[in-house]
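Report on the structure given below.
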Amino acid sequence: MEFMLDTADIDAIKELDEVLTVAGVTTNPTIITKSGKTPEQVISELVDYLRPDQSLFVQSVSMDFEGIMEEARYINALRPENTYVKIPVTREGMKAIKAAKAEGLNVLATAIYSADEAFMAALNGADYLAPYVNRMCNYGDGVGQVIDLIRMIEVQGLSSKIVAASFKSVEQVHELIAAGIQAVTVQPDIVRAMIDHPGTEIAVGEFTDAWDKTFGRKTLR
Ligand code: G3P
């Protein structure tokens, strides 16, 4: 199972990568516009920071087939391996996903709002499928649709991995991990909420206080 960070905030990436096992970083145009940096700066920071085994995902911005293909080649060439172009599943995007896979490029199908859209992108050979879980909840049961998608991919023997995105709560992430999702990409604030349980701090404080009161020190020896 791959746990990825959905952010272009290099400080947050470094902070969480020290503590957790981070399989990769996903970005999108909105995330990059909010970074306060140019796309070139963001991309170069990520390329410099990530280890070769960590994946990098950068989204195409052009809306037409030729433009998407040109950006797909550029993005795939940023690093020797583990670099993926994110292509939205519009008609032009679906066509580009098919063509990019025929060229041997690494592709993530994104901006997915239904299990059916995702399934069609899987048939086109997308390596990853990114359903927008919380946004899907505006149209029905987003988590349920992604659980359906997990089954659809499995029973049809397709190789695409689902990387669930667009989370708004720890519970949504939890439910999909428990359902067997292959990957998730999560914003740093939700990741912090997954690991910084206040009960843990309280428990550790109690252990240290008891030790200090009994032995007059806060260390084992
Ligand atoms: O990676 C893109 C996806 O996570 C979108 O998230 O928060 O804009 O719905 P959000």
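Numbering of residues begins at 1 and proceeds along the displayed sequence. Atoms within each ligand, like the ligands themselves, are counted from 1 in listed order.
With hydrogens and angles disregarded, no donor-acceptor distance shorter than 3.5 Å links the side chain of T200 to the backbone of P198.
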query: Taking it one step at a time, do N82 and Q54 satisfy side-chain hydrogen bond (donor to acceptor under 3.5 Å, both in side chains)?
result: CA-CA 7 Å; N82 291 326; Q54 291 175 308; over 6 Å; no
message: Would N134 and S166 count as a side-chain hydrogen bond (donor to acceptor under 3.5 Å, both in side chains) here? Give the steps.
response: CA-CA 6 Å; N134 192 68; S166 175; 5.2 Å; no
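At least one heavy atom of K168 sits less than 4.0 Å from an atom of ligand 1. Heavy-atom distances between N28 and ligand 1 reach below 4.0 Å in at least one pair. The shell of residues lying under 4.0 angstrom from ligand 1, judged by heavy atoms, excludes T26.
For ligand 1, the atoms closer than 4.0 angstrom to any heavy atom of R135 are 5 (C), 8 (O), 9 (O), 10 (P). For ligand 1, the atoms closer than 4.0 angstrom to any heavy atom of Q187 are 7 (O).
When heavy-atom distances to ligand 1 are checked against a 4.0 Å cut-off, K86 comes that close only through its side chain, counted from C-beta outward. Of all the heavy atoms of Y132, the ones lying under 4.0 Å from any atom of ligand 1 belong exclusively to the side chain.
Atom 4 (O) of ligand 1 has D6 OD2, 2.5 Å as its closest protein atom, hydrogens excluded (heavy atom only).
The aromatic rings of Y84 and F57 lie parallel to each other, with less than 30° between the two planes, well short of the 60° mark.
More than 12 non-hydrogen atoms from other residues, nucleotides or ligands lie less than 6.0 angstrom from CE of M152.
Atoms CG and NZ, on L5 and K14 in that order, are 13.5 Å from each other to the nearest 0.5 Å.
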